[in-house]
Amino acid sequence: MKRRSFLFTIGATPFLQPGQSLAAAPIQVHKNPKCGCCSAWVDHLKAAGFSVRVTETPDMSSIRRRFGMPERLAGCHTATLEGYVLEGHVPAADIKRLMATKPQAVGLAVPGMPVGSPGMEYGNRREPYKVLLIDRRGRDSVFASYPGSSTVGGAG
């Protein structure tokens, strides 16, 4: 009897099929129409299983302001997902963790455009960077840290 119940539970568990998104709603990305690294970040999200919609706008400051992301944490694009704001080149793994833990927060930010972050790949070069969790008062704390590469290929 227990085996039948266990098998029913497994059979009733939804499995993610290729092409299915991880979130109930798509990630809405706001980006400058001329930004190539933003498009590369969108590709990173899609490869990780997220559904993504893109809106192009040249005025990213007003988008950040509208969603409550402090300007001092600006990246080159702003996204929203189920009430959270994602600023800059946030790795998909950290977005998944955010959605699993659902903290009381505005969202996540990777300020600037660190080389080696998703969408900012440049050979083997990686700058160290932090993914910041932004609380509802605009304060930040470290959500994840990524080390830089110890070898920088070439002279630059």
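By the rule that hydrophobic residues join a cluster once side-chain heavy atoms approach within less than 4.5 Å of another member, Leu132 and Tyr146 end up as members of separate clusters. Leu45 and Met120 end up in different hydrophobic clusters when Ile, Leu, Val, Met, Phe, Trp and Tyr side chains are linked at under 4.5 Å. Hydrophobic clustering (ILVMFWY, side-chain heavy atoms < 4.5 Å, transitive): Leu108 and Met99 are in one cluster. Ile95 and Leu73 end up in different hydrophobic clusters when Ile, Leu, Val, Met, Phe, Trp and Tyr side chains are linked at under 4.5 Å. In terms of hydrophobic clustering, with Ile, Leu, Val, Met, Phe, Trp and Tyr side chains grouped at heavy-atom distances under 4.5 Å, Ile63 and Leu86 are assigned to different clusters.
Every pair tested for side chain to side chain donor-acceptor pair (under 3.5 Å) that includes a residue from residues 32-45 fails, sequence neighbours excluded, so the list is empty. Applying the side chain to side chain donor-acceptor pair (under 3.5 Å) definition to pairs two or more places apart or across chains, those involving residues 58-76 are Asp59-Ser62, Ser61-Glu71, Arg64-Glu71, Arg64-Glu87, Arg72-Asp140.
For the pair Phe143 and Val90, the minimum side-chain heavy-atom distance is 4.5 Å or more. Using a 4.5 Å cut-off on side-chain heavy atoms (C-beta onward), Asp94 and Val110 make no contact.
Among all heavy-atom pairs drawn from Cys76 and His89, the shortest one is SG-NE2, 3.3 Å. Nearest heavy-atom pair across Lys130 and Ser145 is CG-OG, 3.7 Å. When all heavy atoms are compared, the tightest approach of Tyr84 to Pro103 is OH-O, 2.7 Å.
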May I have the step-by-step check of side-chain contact (heavy atoms from CB on, under 4.5 Å) for Glu56 and Cys35, ending in yes or no?
-> CA-CA 10 Å; Glu56 295 185 340; Cys35 185; over 6 Å; no
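Looking at residues two or more places apart in sequence or on another chain, you find a salt bridge (charged side-chain N to carboxylate O under 4.0 Å, His left out) between Asp135 and Arg139. Listed by chain and residue number, Val29, Lys46, Val52, Val54 satisfy the side chain to side chain contact (heavy atoms under 4.5 Å, CB included) test with Val42 (two or more places apart in sequence, or in another chain). Scored by the side chain to side chain contact (heavy atoms under 4.5 Å, CB included) test, Val106 finds Met69, Val85, Ile134 as partners (sequence neighbours excluded). Under the rule for a side chain to side chain contact (heavy atoms under 4.5 Å, CB included), the partners of Gln28 that lie at least two apart in sequence or sit in another chain are His30, Arg53, Thr55, Thr80.
Note that the SG atom of Cys37 and the NE2 atom of His77 stand 7.0 Å from one another [nearest 0.5 Å]. The line from CD1 of Ile27 to CD of Glu82 is 9.0 Å long, rounded to the nearest 0.5 Å.
Within 6.0 Å of CZ in Arg136 there are more than 12 heavy atoms belonging to other residues, nucleotides or ligands.
In terms of modelled atom types and a separation under 3.5 Å, the side chain of Ser149 and the main chain of Arg126 share a donor-acceptor contact.
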